[in-house]
Amino acid sequence: MAFHLYDTASRQIRELVPVVPGRVSIYHCGLTVQGPPHIGHIRKEVVFDVLRRWLERSGLEVSIVANVTDIDDKILAKGAEQGRPWFAVAYENERALHAAYEVLGCTPPTYEPRATGVVPEMIEMMQQLIERGHAYPADNGSGDVYFDVRSWPAYGELSHQKVDDMLPAEDAPPEGKRDGRDFALWKGHKDGDPESASWPTPWGRGRPGWHLECSAMAAKYLGPEFDIHGGGLDLRFPHHENELAQSRAAGQAFARFWMHNAMLNLSGAKMSKSVGNTLMVSEVVKRVRPIDLRYYLAASHYRSIVEFSEESLAEAATAFQRVEGFVRRATALTGLGELTDVPADFAAAMDDDLSVPAALAILQGRVSDGNSLLAAGASDELAIVLAEVRSMLDVLGLDPSSPTWDRGGDDAASAQVIDSLVGGLLEQRQQARAAKDFATADRVRDQLAAAGIEIEDTPQGARWSVKG
RNA sequence: GGUGGGUUGGCCGAGAGGCGAGGCAACGGACUGCAAAUCCGUUUACACGGGUUCAAAUCCCGUACCCACCUCCA
């Protein structure tokens, strides 16, 4: 079965047939870097990282472009507030985003352009839109340039709304607009805004409008037609609707699929800076292992709302640790081995609009099989199950054996010291058990547990691990 | 006011006309010196009211509640 994906525009699950055979091009809206990323933002990154991994595993070459919107009202306001350049604010938060990718094992995008880097392309596109009669400079001298919504009959095709039902766009004062729904392609320079936040254009100095940025970047890096345009569901309107209108009005075919991930809610509302119910990635990973957080974020279907709670996060961590425990135990017996093909039913689930929950059910089933085999010690069959389980985990970016999840810091020398100390205690415990001195044996176990070390008694003897 | 999506067992979470996904928790059993881990088993779910059908959690109509978008937003 070939890969099928839900398309928001047509509201159908369709087979993905790439524009260029063998290669998939994806654009998804990155962050407006007005603050560090919260776990709702990073959910989107995990979703697209899983998509990329699955497509690559299916033998396709994948290009992903995710923009960084490094200029907007809030970034300018924060710069002014903090008494430093707006670009210092933007860059600091861009680095925080990269740190979040890193800690959760998300491969960075193929290209990650900044909005301020495509100003010439935006000017060119505006000129083209004005020539074609789809845009106009404001006639009130503001320096704004607007898209003429009435000139584009298809406007509303993505969010399935009629222009007359829409409320006026409030991104600019209505005086300069022909219609209240017209939206800004470009924002004229205002008194009080820093000079560094403006660029010259045929219509005066000004700065990029949000919607046009993405159209310009998508065209520059992926060409006039590409496979998938993604982003959070909250961007469907107006942002994506506007992008689609601009790019098509400029003569481009644009995205074949629109893929929107659902929101992550906290306390019944979308996690967002404006509501103030945010949990920063950098904070959460201090108390939850990053790999457990990734499992939690990846485990739900991407089109389902995730209602965040500490309980469900803890539950996800437990579920993942069962899988991880199998990988650890099996690896100890058979060695790591090579990755292999994923089971056909797992592949079918992933091909069906990235049905990770169904795929996880198959993974869990294999883990059960593997755990049963484990009792008999090493076997070829066990090695096969291990390879399959790790391959499935790899697709989800959750293979605990991957170097991604190595927590730097413990150097080989101290690891050896710990190994030898724990080994000595385990030996003492074994002797006590042999002598049926269970009080001593349990005392040793308690002592190790207090130090954060778990003991597992197996047919091959006791094994220890540091509790996660 | 307009446009979408949702409501599933103690909890999380899939499914989309007939066969009870999976996980977590709980309980029982196996294993264990006792545990832990693991395995096996058990726990008669689909918001409410109508309708269509031989058959509805799944389709249709209505009601209630929740979420998102129509302002900046992943």
Side-chain angles (χ1 to χ4, degrees), chain A residues 8 11 28-32 34-35 37-48 66 69 72-75 77 97 156 159-162 164-171 181 210 230-241 260-265 268-275 296 299-301 303-307 309 311-323 325-326 328-329 345 349 355-365 367-375 432-434 436-439 441-442 445-446 449 454-459 462-463 465:
Chain A
T8 312
R11 293 188 275 204
H28 67 89
C29 289
L31 234 57
T32 301
Q34 50 143 322
H38 58 61
I39 58 174
H41 293 132
I42 213 67
R43 176 190 187 191
K44 189 208 68 174
E45 304 302 337
V46 170
V47 163
F48 283 91
T69 297
D72 86 322
D73 291 348
K74 286 183 180 168
I75 294 170
L97 173 64
S159 54
H160 307 103
Q161 301 178 90
K162 295 190 181 79
D164 291 315
D165 289 338
M166 293 177 191
L167 303 173
E170 290 176 12
D171 58 352
R181 286 88 166 179
W210 181 37
L233 188 56
D234 53 349
L235 299 190
R236 188 181 44 172
F237 190 92
H239 184 52
H240 290 161
E241 188 74 70
H260 290 110
N261 61 283
M263 300 292 100
L264 185 141
N265 288 6
K270 178 177 74 168
M271 183 171 286
S272 73
K273 288 159 204 157
S274 45
V275 179
Y296 175 67
S300 305
H301 189 92
R303 288 194 282 124
S304 297
I305 293 170
V306 172
E307 178 67 44
S309 74
E311 293 72 28
S312 54
L313 176 57
E315 191 182 283
T318 309
F320 179 68
Q321 284 160 22
R322 173 171 174 267
V323 176
F326 164 72
R328 206 180 58 236
R329 286 189 298 272
D345 42 7
S355 296
V356 175
L360 282 177
I362 288 142
L363 172 76
Q364 294 282 1
V367 168
S368 292
D369 297 344
N371 275 327
S372 297
L373 289 170
L374 220 39
R433 289 176 75 199
K436 301 211 185 296
D437 176 6
F438 297 123
D442 290 350
R445 186 167 64 195
D446 292 346
E454 281 181 329
I455 297 178
E456 226 178 282
D457 287 320
T458 76
R463 205 184 13 255
S465 58

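Computed over heavy atoms, backbone and side chain alike; hydrogens, waters and symmetry mates excluded. The chains referred to below are lettered A, B, ... by the order of the sequence lines, with proteins before strands, and numbering in each begins at 1.
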For B/U8 and B/A16, measure between their C1' atoms and round to the nearest Å. 12 Å
Would A/S159 and A/Q161 satisfy side chain to side chain donor-acceptor pair (under 3.5 Å), going step by step from the backbone distance to the final call? CA-CA 6 Å; A/S159 54; A/Q161 301 178 90; 2.9 Å; yes
Would you mind pulling out the nucleotide paired to B/C65, Watson-Crick or G-U wobble, both distances under 3.5 Å? B/G6
Do A/E307 and A/S312 make a side-chain contact, defined as non-hydrogen atoms from C-beta onward lying under 4.5 Å apart? no
Over how many whole Å does the gap from A/R303 atom CZ to B/G13 atom P extend? 16 Å
Among B/A74, B/A37, B/C34, which nucleotide has an atom closest to any side-chain atom of A/D442? B/C34
Atom-to-atom span, NZ of A/K162 to C1' of B/C69 - whole angstrom: 17 Å
Between A/R322 and B/A37, is there a side-chain N or O to OP1/OP2 distance below 4.0 Å? no
Look at the side chain of A/E315 against the base of B/G23 and say whether a donor-acceptor pair falls under 3.5 Å; ignore hydrogens and angles. yes
Can you tell me whether the side chain of A/R236 and the base of B/A68 have a donor-acceptor pair closer than 3.5 Å? no
Taking atom CZ of A/R463 and atom CD of A/E454, what is their separation to the nearest 0.5 Å? 12.0 Å
Could you please name the option among B/G4, B/A37, B/A35 that lies closest to any side-chain atom of A/R11? B/G4
In this structure, how many angstroms lie between the P atom of B/A37 and the CZ atom of A/F326, rounded? 17 Å
So which nucleotide from B/C67, B/C24, B/A74 ends up closest to the side chain of A/A319? B/C24
Could you work out the separation of B/C46 and B/G17 based on their C1' atoms and round it to a whole Å? 14 Å
For the side chain of A/A361, counting heavy atoms from C-beta on, which of B/C67, B/A74, B/G22 is nearest? B/G22
Gap in Å between the two C1' atoms, one belonging to B/C66 and one to B/A25, rounded: 26 Å
Rounded to whole Å, how long is the line connecting atom CZ of A/F320 with atom C1' of B/C12? 17 Å
Assign A/R329 to base, sugar-phosphate, or nothing according to its heavy-atom contacts below 4.0 angstrom with the strands shown. sugar-phosphate
Taking only the C1' atom of each, what is the distance from B/U44 to B/U63 in whole angstrom? 28 Å
Using heavy-atom distances to pick each residue's nearest nucleotide on RNA chain B, tell me which of A/Q364 and A/K44 is more 5'. A/Q364
Considering Watson-Crick and G-U wobble pairs with both distances under 3.5 Å, what does B/C27 pair with? B/G41
What residue among A/K44, A/H240, A/R303 forms side chain to side chain donor-acceptor pair (under 3.5 Å) with A/H260? A/H240
Mind checking if A/H301 touches a base, just sugar-phosphate, or nothing, with heavy atoms under 4.0 Å? sugar-phosphate
Have a look at A/G40 and say if it touches a base, only the backbone sugar-phosphate, or nothing, with a 4.0 Å heavy-atom cut-off. base
With sugar-phosphate meaning primed atoms plus P, OP1 and OP2, does A/F237 contact a base, only sugar-phosphate, or nothing at under 4.0 Å between heavy atoms? sugar-phosphate
Applying a 4.0 Å non-hydrogen cut-off, can you work out what A/T318 is touching in the nucleic acid: base, sugar-phosphate, or nothing? sugar-phosphate
Using whole Å, report how far CD of A/E241 lies from P of B/G4. 13 Å
Distance, C1' atom - from B/A45 to B/G13, rounded to whole angstrom: 13 Å
Which of the following nucleotides, B/A25, B/A74, B/U38, is nearest to the side chain of A/M271? B/A74
Any strand, both distances under 3.5 Å, Watson-Crick or G-U wobble: B/A56 pairs with none
Phosphate OP1/OP2 of B/C34: any A/K436 side-chain N/O under 4.0 Å: no
At under 4.0 Å, does any side-chain N or O of A/N371 touch on OP1 or OP2 of B/C39? yes
Scan nucleotides 27-32 of chain B against the protein and return all N/O pairs shorter than 3.5 Å with their distances rounded to 0.1 Å.
none

Sugar-phosphate, base or nothing in reach of A/A449, heavy atoms under 4.0 Å: nothing
Would you mind reporting whether A/H41 and A/K273 have side-chain heavy atoms less than 4.5 Å apart? yes
Rounded to whole Å, the NE2-C1' distance (A/H239 to B/C72) equals 12 Å
On the nucleotide B/G13, are OP1 or OP2 found under 4.0 Å from the side-chain N or O atoms that A/S304 carries? no
Report yes if a side-chain nitrogen or oxygen of A/T32 is closer than 4.0 Å to either non-bridging phosphate oxygen (OP1 or OP2) of B/A74; otherwise report no. yes
When we call it a touch if two heavy atoms are under 4.0 Å apart, what does A/D164 touch: a base, just sugar-phosphate, or nothing? nothing
Closest to the 5' end of RNA chain B, once A/P357 and A/V306 are matched to their nearest nucleotides, is A/V306
Hey, does A/R43 have a side-chain heavy atom less than 4.5 Å from the side chain of A/M263? no
Span that lies between the C1' atom of B/C19 and that of B/A57, in whole angstrom: 15 Å
Side chains of A/M271 and A/I39 in contact at under 4.5 Å (non-hydrogen atoms): yes
For a quick check, tell me whether the side chain of A/D437 and the base of B/G33 share a donor-acceptor pair closer than 3.5 Å. no
Taking the C1' atom of each, how far is B/G15 from B/U58, in whole Å? 9 Å
d(A/L360 CG, A/F320 CZ) to nearest 0.5 Å is 10.0 Å
Any heavy-atom pair between the side chains of A/H38 and A/L264 that's under 4.5 Å? no
Pick base, sugar-phosphate or nothing for A/G365, based on heavy-atom distances below 4.0 Å to the nucleic acid. nothing
Could you check whether A/L31 gets within reach of a base, just the sugar-phosphate, or nothing at all, counting any heavy atom under 4.0 Å? sugar-phosphate
What integer distance in Å separates A/M263:CE from B/A74:P? 9 Å
note: A/I305, atom CD1; B/C69, atom P; distance rounded to Å ~ 10 Å
With sugar-phosphate meaning primed atoms plus P, OP1 and OP2, does A/S355 contact a base, only sugar-phosphate, or nothing at under 4.0 Å between heavy atoms? nothing
Has the side chain of A/R181 got a donor or acceptor atom sitting under 3.5 Å from an opposite partner on the base of B/C70? no
Between B/G22 and B/C54, how far apart are the two C1' atoms, rounded to whole Å? 32 Å
When all nucleic acid strands are considered with a 4.0 Å heavy-atom cut-off, which category describes A/K273: base, sugar-phosphate, or nothing? sugar-phosphate
Check this one for me: any side-chain N or O of A/K270 less than 4.0 Å away from OP1 or OP2 of B/C69? yes
Quick one: which of B/G33, B/A37, B/C72 gets closest to the side chain of A/D72? B/C72
Hey, does A/H160 reach any base, or is it just sugar-phosphate, or nothing, if we go heavy atoms under 4.0 Å? sugar-phosphate
Any strand: nucleotide that pairs with B/G17 via Watson-Crick or wobble, under 3.5 Å: none
A/R433 side chain near A/D457 side chain, heavy-atom distance below 4.5 Å: yes
Regarding A/G30, tell me which of base, sugar-phosphate or nothing describes its non-hydrogen contacts under 4.0 Å with the strands shown. sugar-phosphate
